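Below you'll find the structure, written out as structure tokens, and then a few comments.
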Amino acid sequence: MTQLADLQQVIREAGVDALWVSTPANVQALTGFSSGADGKVLVGPGDAVTLYTDSRYTVQAQEESRVTVHIARPPETFQHAADGLKGLRVGIEAEHLTVAGLEDLGQHWDAELVPMRGLIEGLRAIKSPEEVQAIREAQAVADHVFAEVRPMIRAGVRELDVALELELGLRRAGAEVGFDVIVASGPRGAMPHGVASGRVIEDGDLVTIDFGARLHGYHSDMTRTLAVGTPSDEMRRVYGAVLEAEEAAIAAVKPGMKCADLDAVARGILERHGLGEAFAHSLGHGVGLNIHEAPGLRKTSEEVLAAGMVITIEPGAYLPGVGGVRIEDLLLVTEDGYEVLSLTPKEAI
Ligand SMILES: CSCC[C@H](N)C(=O)N1CCC[C@H]1C(=O)N[C@@H](C)C(=O)O
């Protein structure tokens, strides 16, 4: 949960008098209100914090919100907020507010609208103990479901049916499906986001499975690549290289480590194996209310790891027309290094 006091300090440092929050995960982080459908927050001026939502969510907002709730629909929402904003500088979330949303605010507010990026996202990157617990529980559900479904992953079974069983398992355990389940077998493994298709798994395939639970609003994320029968020597070599990259990157996780440097650890190993071009995405990302959030573990990142961050380490190698491998773990960055939260074993290939 993002501390409002921290945000108020960040707002002051950013040189604005108030902040209009419209990104659903940021609204939830600040207030506890979990409906992504209609929730906006005005933080400031001063200590005032108001959640705006409409009358479909009156009861839910009363139950969930830690801040004052005002039930209204636009344009009344904007008119209500306008009263305290005359002549002030109000930050808006440049990465989320639409052009139409900006026009609406401009019409109703006699205030200077200041586009800002990543203010709340930066605070959200460090998880509270309660948030870590929610993610830990989400990952434990995913580990359990994976173990239940593992025996059915064999030749003759459709990718879709594997995905369906994973989804059912998550639902039965009281979790939601965190994102579209990726089951990419054989040549489809060359697609990093190869969501499950009707393809029937064949003997000799590698099968990449990437899925996560969402529990109490928080996500888990894990990928395993499994062998069905005996894969080709080439794909076994690729698997070994990706595993080496993953293990080296995990071992390098500690507070103070630059995210770009961590990406370079894995990328360097894959380059030495001739797979630099085949590593078609970033090394990992933060996980929380969103499946992808700060920090970004990529070449161009300027972020630095800190204790309390929950991140993925997920190098991969993708060979079009041949197949692919990805191995992903979910980690908590701790004061003295890391803790791996995803406990599903990696099978020998
Ligand atoms: C659609 S959610 C996918 C979750 C998955 N574990 C994941 O984050 N993946 C799969 C392969 C690449 C990676 C990803 O999407 N990374 C993003 C952050 C990137 O831009 O590299």
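Order of appearance sets the numbers: ligands from 1, and atoms from 1 within every ligand. All of these numbers come straight from a predicted model, not from anything done at the bench.
- Ligand-side atoms of ligand 1 in range of Phe179: 2 (S), 4 (C), range being under 4.0 angstrom from any heavy atom.
- A salt bridge is defined here as a Lys NZ or Arg NE, NH1 or NH2 lying under 4.0 Å from an Asp or Glu carboxylate O, and Asp54 with Arg73 meets this definition.
- In summary, the atoms of ligand 1 found under 4.0 Å from a heavy atom of Asp210, numbered by their order in the structure, are 4 (C), 5 (C), 6 (N), 10 (C).
- At a 4.0 Å heavy-atom cut-off, ligand 1 touches Glu328 through the side chain alone.
- For the pair Arg171 and Glu176, the salt-bridge criterion is not met [side-chain N within less than 4.0 Å of a carboxylate O].
- One finds a salt bridge joining Asp329 and Arg224 here, because a Lys/Arg side-chain nitrogen approaches an Asp/Glu carboxylate oxygen to under 4.0 Å.
- Annotation: side chain of Met222 is in contact with side chain of Asp143 (closest heavy-atom distance under 4.5 Å).
- Residue contact annotation: Arg326 has a non-hydrogen atom under 4.0 Å from ligand 1.
- Sorted by first and then second residue, the ring-ring contact (aromatic ring centres under 6.0 Å, His included) pairs involving residues 247-280 (not counting sequence neighbours) are Phe279-His281.
- Comparing Leu330, Asp221, Thr312 against atom 4 (C) of ligand 1, the shortest heavy-atom distance belongs to Asp221.
- In this structure, the protein non-hydrogen atom closest to atom 1 (C) of ligand 1 is His193 CE1, 3.8 Å.
- Between Gly337 and Pro255, the shortest heavy-atom contact is N-CD, 3.9 Å.
- Of the protein's heavy atoms, Ser282 OG, 3.8 Å lies nearest to atom 18 (C) of ligand 1.
- Looking at Glu314 next to ligand 1, an N or O pair under 3.5 Å apart turns up.
- Sorted by first then second residue, the ring-ring contact (aromatic ring centres under 6.0 Å, His included) pairs that include residues 137-180, not counting sequence neighbours, number zero.
- Considering both main-chain and side-chain atoms, His292 comes within under 3.5 Å of ligand 1 through a nitrogen or oxygen pair.
- Taking every heavy atom of His285 and a limit of under 4.0 angstrom, the matching atoms of ligand 1 come to 7 (C), 8 (O).
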